[in-house]
Chemist: 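First the structure, then my questions, so here it is.
Letters A, B, ... mirror the listed sequences (proteins, then strands); counts begin at 1. If you're wondering where the values come from, they're calculated on a predicted model, not measured in any experiment.
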Amino acid sequence: MSDRGQRPAGLPIPIKPSMILLAVVVIAIIVTALTATFVVDQTERAVITRFGRYSRTLGPGLQFKLPLNIEKSYIVETEVFQNMQFGFRTEEAGVVSTFSSQDYPEESIMLTGDLNIVDFEWAIKYRIVDPVAWLFNVNDQEKTIRDISTSVINQLVGDRAILDVISSAREQIQADGLELMNEKFKAYDLGINVTQIQLQNTRPPEGEVQDAFEDVNIAIQDMNRLINEGKEEYNKVIPRARGEAEKIVEEANGYAAERKNIAQGDVDRFNAVVAEYLKAPDITETRLYLEMIEEVFGGTEGTNLIDKNLGTNFLPLLNLQQGGEAQQ
Amino acid sequence: MKNTIVVLVVVAIIAIIFVALGPFYVVDEGYQAVVVRFGAIVSSTETAGLKFKMPVVDNVVKYPKKIMSWDGDARKIPTAEKQFIWVDTTARWRIVDPEQFYSSVQTFERAYLNLDDVIDSSVKSIVANNKLVEAVRSSNAINESAQEVIGGLDEDVSLEGLQDFTVEESTFEQILKGRGELSDEIASLVKQVVPQYGIELIDVVIRQIRYSDDLTSSVYQRMIKERNQRAELFRSYGEGQKQVWLGKQQNEQRAILSAARARAEDIKGAADAEAAKIYAAAYEPYPKFYEFWRSIESYRKTLPTFGKTMTTDMEYFKYLYNREGN
């Protein structure tokens with residue numbers, strides 16, 4: 001007892017067993033306090049279990065629980081939208097995301113209702129809405145989501161013809177898929193809500209098949225082109241033909257006018273002569289006759305003249321090779 | 001004082017030993033437990049919380065209460081038509097009777113082995129008894145659409161001739177059961193077996209169906225051929241329509257020109273008739289004078305080009321012999 005107050009050699013301050021006890025207690029309190037406080041982020045919730053049994057759910061902020069694992073806290077991100085991709089992966093997400101060029105055919109190649117093969121890529125967005133259910137109801141939560149999503153899409157694609165799947169049925173598949181997936185997850189009480197399905201590429205398998213599908217589009221273009229060529233040709237030729245037709249008719253009209261005018265001119269000339277004739281018929285006739293002879297025979301030399309009174313003893317021979325001479 | 005400390009220490013040590021030997025155990029949410037003593041099941045609990053057991057002698061085996069997933073490998077299975085397809089199934093199950101589970105399989109490894117057997121064989125037998133379409137499709141919705149949308153068509157291009165060909169064969173085989181019902185059938189087969197393991201099967205879903213590789217390439221060939229035929233159809237329709245237009249063009253062109261020519265002939269003919277009328281109207285009152293005058297005119301035109309040999313037996317020469325003109 002008398003040793004009590006004595007310092008062990010070398011130590012500057014007195015160390016009593018009670019001090020050690022105090023230190024231990026203080027450390028214990030600190031450690032306990034550390035295991036009793038935690039921070040919950042704005043996007044998170046904390047699920048607290050006491051001795052394993054669910055106790056309460058806590059929101060964002062500095063939170064407390066019973067220390068030393070009497071109460072355990074599980075942090076769950078409930079306000080964040082989670083992504084899951086099927087048949088493709090995003091390499092870099094951003095304003096313009098780049099996608100991995102790698103295919104995931106085991107996820108994306110599937111059968112269509114008309115027993116054809118299609119390459120179908122999609123992504124889903126979901127949110128954890130019930131953190132307690134999320135934590136404790138289903139094992140392998142992410143795998144379950146992936147399995148069910150794949151199975152639902154597979155089922156929907158398998159119910160339709162390929163031509164619809166790659167074009168007109170896309171929206172319907174998105175809507176139906178959302179419904180079916182959420183139905184299933186509700187049945188499992190998984191505690192999530194799938195908010196969106198986004199279809200990416202939905203197309204025939206790469207390679208020759210895709211080319212053949214593309215070729216149909218090209219063929220439709222070709223068809224348009226050919227039909228337009230025919231129409232163009234028609235539109236080129238027919239107006240021209242109409243123009244030509246008009247020309248023909250106009251020419252005929254011109255001829256008609258000319259013909260009538262000539263006739264009228266001739267007739268007018270005749271009528272003038274007739275007027276003279278009516279005034280002095282014989283004189284006019286004689287005059288016209290003699291004028292004609294003068295005009296016709298006047299200029300030419302070497303015209304043969306044969307006397308009509310030669311009778312039958314003379315046989316007139318005309319030497320056609322020399323110029324004729326007047327014979328009497 | 002010393003005695004108190006000693007007592008406290010001894011009590012503490014006893015307490016620590018007691019706790020360490022574990023009369024408590026905690027069952028977390030989503031889990032259940034079976035208490036085994038010397039190999040025999042003593043009790044089980046399915047709720048979470050702090051539980052008690054005999055220390056030392058009691059062993060606690062914890063199993064999840066959660067929905068577990070079973071993942072089968074894709075298996076190559078023949079359908080009723082003997083077509084081989086890869087069927088990839090997955091199932092959800094859970095332990096509902098932990099004591100039964102412990103006594104029958106005890107570990108997950110063995111549980112999965114048993115599930116593999118049961119589910120695989122059920123899938124095989126159901127798929128083999130049904131046609132391929134029953135496994136692929138879930139409804140007859142496919143018959144309601146399947147109209148090819150001919151995109152990119154110019155507005156006034158007439159598709160009349162094409163309608164017969166674009167209405168595709170939209171009648172596909174009607175299915176009687178469909179994928180959903182097949183999955184249910186598989187599940188019910190499995191459900192008969194698994195309770196003996198303390199397991200409840202929740203569902204079996206078909207995750208993927210795929211053709212075997214050689215079947216895939218022949219399906220590709222079929223698809224390519226079908227598309228090629230469509231392309232061919234469009235192209236030859238285009239050719240045909242182009243020829244129709246060209247024919248129309250030729251016909252109309254001919255019609256227009258021939259109509260014009262006919263009209264021209266009419267006009268000319270009418271003009272000729274008109275001219276003749278004018279002449280006749282003028283000449284008719286003076287037939288003899290006309291004959292004389294017209295002949296004179298005609299001689300004027302034609303005779304200058306004749307080689308001329310004349311005889312004096314013309315009226316012109318009548319004054320040549322004597323003054324009286326005899």
Chemist: If the threshold is 4.0 Å, N to carboxylate O, is there a salt bridge linking Lys242(B) and Glu229(A)?
Modeler: yes
Chemist: Below 4.5 Å, heavy-atom pairs only: which of Val209(A), Val267(A), Asp147(A) has the largest tally toward chain B?
Modeler: Asp147(A)
Chemist: Contact part of Ile218(A) toward chain B, heavy-atom cut-off under 4.5 Å: side chain, backbone, both or neither?
Modeler: both
Chemist: What part of Glu251(A) is in contact with chain B, defined as an atom under 4.5 angstrom from a non-hydrogen atom: side chain, backbone, both or neither?
Modeler: neither
Chemist: Indicate yes or no for a side-chain donor-acceptor contact from Ser298(B) to the backbone of Arg294(B) under 3.5 Å, with no hydrogens or angles considered.
Modeler: no
Chemist: Which is it for Glu297(B) and Arg300(B) under the salt bridge (charged side-chain N to carboxylate O under 4.0 Å, His left out) test, yes or no, and what are the steps along the way?
Modeler: CA-CA 5 Å; Glu297(B) 291 289 300; Arg300(B) 276 214 171 97; 3.1 Å; yes
Chemist: Relative to the ring of Phe136(A), is the ring of Tyr74(A) parallel (under 30°), tilted (30 to 60°) or perpendicular (over 60°)?
Modeler: perpendicular
Chemist: Please state whether the side chain, the backbone, both or neither of Glu239(B) comes within less than 4.5 Å of a heavy atom of chain A.
Modeler: both
Chemist: Which heavy-atom pair separates Ile267(B) from Ala252(A) by the least distance, and what is that distance?
Modeler: CG2-O, 3.7 Å
Chemist: Report which part of Asn235(A) has an atom under 4.5 Å of a heavy atom belonging to chain B: side chain, backbone, both, or neither.
Modeler: neither
Chemist: What part of Leu156(A) is in contact with chain B, defined as an atom under 4.5 angstrom from a non-hydrogen atom: side chain, backbone, both or neither?
Modeler: neither
Chemist: If I measure from the heavy atoms of chain B, does Thr49(A) come under 4.5 Å with its side chain, its backbone, both, or neither?
Modeler: side chain
Chemist: Specify which of Arg210(B), Met68(B), Glu232(B) makes the most heavy-atom pairs with chain A at under 4.5 Å.
Modeler: Arg210(B)
Chemist: Which one of Gln208(B), Lys277(B), Gln243(B) has the most heavy-atom pairs closer than 4.5 Å to chain A?
Modeler: Gln208(B)
Chemist: Give me the atom names and distance for the closest heavy-atom approach of Met223(B) to Pro205(A).
Modeler: CE-CD, 4.4 Å
Chemist: Go through Glu232(A) and Lys236(A) one step at a time and tell me if the salt bridge (charged side-chain N to carboxylate O under 4.0 Å, His left out) criterion holds.
Modeler: CA-CA 6 Å; Glu232(A) 249 179 62; Lys236(A) 219 171 37 167; over 6 Å; no
Chemist: Where on Tyr277(A) is there a heavy atom nearer than 4.5 Å to chain B: the side chain, the backbone, both, or neither?
Modeler: side chain
Chemist: Please rank Thr90(B), Asn228(B), Ile175(B), Thr47(B) by heavy-atom pairs under 4.5 Å with chain A and give me the top one.
Modeler: Thr90(B)
Chemist: Chain A heavy atoms under 4.5 Å from Thr216(B): which part of the residue, side chain, backbone, both or neither?
Modeler: both
Chemist: Among Asn261(A), Asp266(A), Leu115(A), which has the most heavy-atom pairs under 4.5 Å with chain B?
Modeler: Leu115(A)
Chemist: Most heavy-atom pairs under 4.5 angstrom with chain B, which of Ile117(A), Leu290(A), Ile293(A)?
Modeler: Ile117(A)
Chemist: Heavy-atom pairs under 4.5 Å with chain B: which of Asp222(A), Asn116(A), Asp140(A), Ile248(A) has the most?
Modeler: Asn116(A)
Chemist: Tell me, side chain or backbone of Ile206(B) under 4.5 Å from chain A's heavy atoms, or both, or neither?
Modeler: backbone
Chemist: Can you tell me which portion of Asp215(A) sits under 4.5 Å from chain B's heavy atoms? Options are side chain, backbone, both or neither.
Modeler: both
Chemist: Heavy-atom distances under 4.5 Å only: say whether Lys72(A) touches chain B with side chain, backbone, both or neither.
Modeler: side chain
Chemist: Within this structure, what is the CD-CG distance for the pair Glu244(A) and Leu257(B), rounded to the nearest 0.5 Å?
Modeler: 5.0 Å
Chemist: Would you say Ile85(B) and Tyr211(B) make side-chain contact, with heavy atoms under 4.5 Å?
Modeler: yes
Chemist: Identify which part of Arg235(B) has an atom lying under 4.5 Å from any heavy atom of chain A, answering side chain, backbone, both or neither.
Modeler: both
Chemist: Does any heavy atom of chain A fall under 4.5 Å from the side chain of Val27(B), the backbone, both, or neither of them?
Modeler: backbone
Chemist: For chain A, find which of Tyr299(B), Phe289(B), Tyr290(B), Tyr31(B) contributes the most heavy-atom pairs closer than 4.5 angstrom.
Modeler: Phe289(B)
Chemist: Assess the residue pair Phe24(B) and Phe51(A) against the criterion (ring-ring contact (aromatic ring centres under 6.0 Å, His included)); give the C-alpha distance rounded to whole Å, side-chain angles, the decisive distance to 0.1 Å, and a yes or no.
Modeler: CA-CA 10 Å; Phe24(B) 306 112; Phe51(A) 289 124; 8.1 Å; no
Chemist: Side chain, backbone, both or neither: which part of Asn137(A) has a non-hydrogen atom closer than 4.5 Å to chain B?
Modeler: backbone
Chemist: Based on non-hydrogen pairs under 4.5 Å, which of Glu246(A), Lys247(A), Met110(A), Arg269(A) is most in contact with chain B?
Modeler: Arg269(A)
Chemist: In terms of heavy-atom proximity below 4.5 Å to chain A, should Ser138(B) be classed as side chain, backbone, both, or neither?
Modeler: both
Chemist: State whether a side-chain donor-acceptor pair under 3.5 Å links Asp203(B) with Tyr188(A).
Modeler: yes
Chemist: Do Tyr255(A) and Asp272(B) have side-chain N/O donor and acceptor atoms under 3.5 Å apart?
Modeler: yes
Chemist: Contact part of Glu258(A) toward chain B, heavy-atom cut-off under 4.5 Å: side chain, backbone, both or neither?
Modeler: neither
Chemist: Among Thr150(A), Val237(A), Asp189(A), which has the most heavy-atom pairs under 4.5 Å with chain B?
Modeler: Val237(A)
Chemist: Heavy-atom pairs under 4.5 Å with chain A: which of Lys65(B), Arg222(B), Arg263(B) has the most?
Modeler: Arg222(B)
Chemist: Please state whether the side chain, the backbone, both or neither of Ser149(A) comes within less than 4.5 Å of a heavy atom of chain B.
Modeler: neither
Chemist: Please flag which part of Arg92(B) lies under 4.5 Å from any non-hydrogen atom of chain A: side chain, backbone, both or neither.
Modeler: side chain
Chemist: In a check of ring pair (Phe, Tyr, Trp, His ring centres under 6.0 Å) between Phe270(A) and each of Tyr283(B), Phe292(B), Tyr279(B), which one passes?
Modeler: Tyr283(B)
Chemist: Checking side-chain contact (heavy atoms from CB on, under 4.5 Å) between Lys184(A) and each of Thr144(A), Leu190(A), Ile145(A), Ile148(A), which is the one that passes?
Modeler: Ile148(A)
Chemist: What's the verdict on salt bridge (charged side-chain N to carboxylate O under 4.0 Å, His left out) for Asp71(B) and Arg207(B), showing C-alpha distance, side-chain angles and the deciding distance?
Modeler: CA-CA 10 Å; Asp71(B) 198 344; Arg207(B) 189 168 39 192; 2.5 Å; yes
Chemist: Measure the spacing between CG of Asn224(A) and CZ of Phe234(B) and express it to the nearest 0.5 Å.
Modeler: 10.0 Å
Chemist: Report yes or no: is the cationic atom of Lys248(B) (NZ for Lys, CZ for Arg) under 6.0 Å from the centre of the six-membered ring of Trp245(B), at an angle within 45° of the ring normal?
Modeler: yes
